Visitor: 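I am attaching a structure below and will ask some questions about it afterwards.
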Amino acid sequence: MIQQVDLLLTNIGQLLPMTSTGPRAGKAMQELTIIEDGAVGIKDGTVVFVGTSDAVTDIRADKVIDCEGKLVTPGLVDPHTHVVFGGSREHEMALKQQGVPYLEILKQGGGILSTVEATRKATEEELYKKASFYLDRMMTFGTTTVEVKSGYGLDAKTEMKQLKVAKQLQQHHKMDLVSTFLGAHAIPTSHKENPEQFLDEMLAMLDDIKEEELAEFVDIFTETGVFTVEQSRAYLQKAKEKGFQLKIHADEIDPLGGTEMAASLGATSADHLVGASDEGIKKLAESGTIAVLLPGTTFYLGKHTFARAREMIEQGVTVSLATDFNPGSSPTENLQLIMTIAALQLKMSPEEIWNAVTVNAAHAIGRGDEAGQLAVGRKADVVIWDAPNYLYIPYHYGVNHVNTVIKNGKIVAERMRIID
Ligand code: IZC
Ligand code: ZN
């Protein structure tokens with residue numbers, strides 16, 4: 001029987017379907033199926049065929065793309081970003097060069113708090129336009145699903161403004177977004193002496209956030225000078241009771257034990273984990289809490305000690321990777337660059353890296369059934385890369401290897417062109 005499709009990709013050099021029944025943990029992260037001389041058929045925004053080119057004789061297509069031996073993968077998933085914010089922090093680079101630590105800049109009212117000031121001043125329209133620009137750029141780099149956090153308001157009004165902008169982006173931007181409430185991102189100057197009261201104010205927002213469907217996850221920055229493990233545990237426990245899934249900024253700078261706490265609360269993910277203890281790693285493996293590693297942040301903070309990805313994988317942890325795109329510690333939309341840093345500094349293999357930015361990243365944001373895999377019946381989020389094989393993306397670094405991005409079956413980005 002002849003099958004009619006809207007779009008057919010043929011002559012794919014290496015096709016990575018990334019199909020997996022669940023997240024890939026530990027040694028299973030090394031698994032990678034490669035279809036050579038592959039083809040993908042798309043109809044009504046959905047994948048209807050994945051296989052080899054010689055099997056497509058009875059498929060008719062409105063449009064055919066000859067992939068000329070290129071690599072084709074699912075759209076990338078970026079499971080940790082702070083895309084909605086006002087202003088920027090380029091002035092902090094000189095402070096960093098002078099050796100002023102990230103947490104010291106924050107303590108002096110800069111860092112996150114300076115972004116809070118700019119975000120409070122910005123209108124909803126301004127925030128929407130700015131975030132939309134960054135999301136467009138992410139898409140041109142091959143990302144088709146993104147998690148986005150609030151946390152630059154630190155008061156009910158501005159947190160709501162950020163969450164509403166995220167919801168509007170969810171509804172109108174081509175990117176798929178998953179929203180996280182990070183009201184507990186820093187202690188605002190007004191509550192310096194009373195962080196617990198501040199956390200209560202943030203908790204008081206949860207019913208409205210739930211009712212208006214403004215966030216699926218609740219996150220907290222557990223760090224020296226920000227929130228303690230005890231405060232974080234009590235806060236997250238209450239969020240969990242209200243039906244939210246949990247994420248935690250854990251052990252990013254100082255090893256406080258946020259990793260163990262994340263695992264014991266059954267968090268969906270624990271993120272950063274540079275200072276995670278042996279015990280913390282063991283607990284992640286046991287609980288299935290996904291480790292979202294952000295090596296671009298470690299690199300950008302000028303640190304030399306990276307998260308212990310090798311130990312995590314050897315112990316059976318499910319590892320994912322994200323940009324942590326934010327105006328302070330990781331101003332980049334480029335997940336391909338993070339893949340290179342993961343190879344060089346986390347010593348992750350190319351196979352582990354591809355699992356980390358597709359199937360595992362999707363599971364880290366509760367989208368395991370939707371994103372991160374190219375399979376019949378799933379939405380057609382596909383990237384054609386200007387690369388002959390999957391090893392090539394982490395290898396040739398700092399540039400954009402995207403040839404074509406397809407989102408829900410439609411071409412939404414094409415490679416940079418020189419205009420004569
Ligand atoms: O704006 O600095 N680490 N939060 C926790 C951040 C980095 C974002 C920022
Ligand atoms: Zn973050």
Side-chain angles (χ1 to χ4, degrees), residues 78-93 95-96 100-120 122 127 130-131 134 138 146-154 158-159 162 166 178-188 202 215 217-227 232 246-256 258-259 262 267-275 290-303 307 320-333 335 338 361 364-365:
D78 192 341
H80 182 138
T81 85
H82 307 244
V83 152
V84 181
F85 59 86
S88 58
R89 312 226 292 265
E90 59 274 29
H91 53 278
E92 280 178 18
M93 199 154 195
L95 292 173
K96 281 187 196 129
V100 187
Y102 174 84
L103 290 177
E104 185 56 36
I105 297 172
L106 177 60
K107 204 169 158 195
Q108 290 171 11
I112 296 171
L113 294 175
S114 72
T115 302
V116 167
E117 225 173 285
T119 307
R120 285 178 178 174
L127 291 176
K130 203 162 143 65
Y134 299 135
M138 285 181 171
V146 173
E147 184 258 13
V148 52
K149 300 174 195 296
S150 71
Y152 292 122
L154 308 185
T158 319
E159 287 294 323
Q162 261 193 290
V178 175
S179 182
T180 296
F181 175 57
L182 178 60
H185 191 194
I187 305 166
M202 293 297 107
F217 288 89
V218 168
D219 191 348
I220 188 166
F221 190 15
T222 307
E223 188 56 74
T224 306
V226 193
F227 301 107
S232 303
L246 307 180
K247 292 184 163 286
I248 305 171
H249 282 66
D251 299 325
E252 172 181 357
I253 296 162
D254 291 333
L256 301 185
T259 311
T268 303
S269 77
D271 302 35
H272 284 291
L273 311 180
V274 179
I290 298 178
V292 176
L293 305 184
L294 311 166
T297 307
T298 313
F299 163 75
Y300 199 78
L301 290 175
K303 306 241 165 147
S320 176
L321 292 163
T323 58
D324 193 18
F325 175 65
N326 77 71
S329 61
S330 191
T332 184
E333 295 91 338
L335 195 51
I338 305 307
I365 55 174

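All ligand and atom numbering here is 1-based and tracks the order in the structure. Only a predicted model underlies this, so the values are computations on that prediction, with no experimental measurement involved. Residue numbers count from 1 along this sequence.
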Visitor: Please indicate whether any nitrogen or oxygen in Thr115 is less than 3.5 Å from any nitrogen or oxygen in ligand 1.
Guide: no
Visitor: Gly111: heavy atom below 4.0 Å from ligand 1, yes or no?
Guide: no
Visitor: Write out the residue and atom name of the closest protein heavy atom to atom 2 (O) of ligand 1, then the distance separating them to 0.1 Å.
Guide: Tyr102 OH, 2.4 Å
Visitor: Starting from the Zn ion (ligand 2), look over the N/O/S atoms of His82 and name the nearest one.
Guide: NE2
Visitor: Among protein heavy atoms, which lies nearest atom 1 (O) of ligand 1, and at what distance?
Guide: Tyr152 OH, 2.6 Å
Visitor: Check the side chains of Lys247 and Thr180 for a donor-acceptor pair under 3.5 angstrom, ignoring hydrogens and angles.
Guide: no
Visitor: Quick one: do Glu117 and Arg120 make a salt bridge, cutoff under 4.0 Å?
Guide: no
Visitor: Would Ile112 count as a contact of ligand 1 if the rule is a heavy atom under 4.0 Å away?
Guide: yes
Visitor: How far is atom 4 (N) of ligand 1 from its nearest protein heavy atom, and which residue and atom is that?
Guide: His185 NE2, 2.7 Å
Visitor: Between His249 and Asp271, is any side-chain donor less than 3.5 angstrom from a side-chain acceptor?
Guide: no
Visitor: Suppose we only count N/O/S atoms under 2.8 Å; would His272 qualify as near the Zn ion (ligand 2)?
Guide: no
Visitor: Between Asp324 and the Zn ion (ligand 2), is there a contact where an N/O/S atom of the residue lies under 2.8 Å from the metal?
Guide: yes
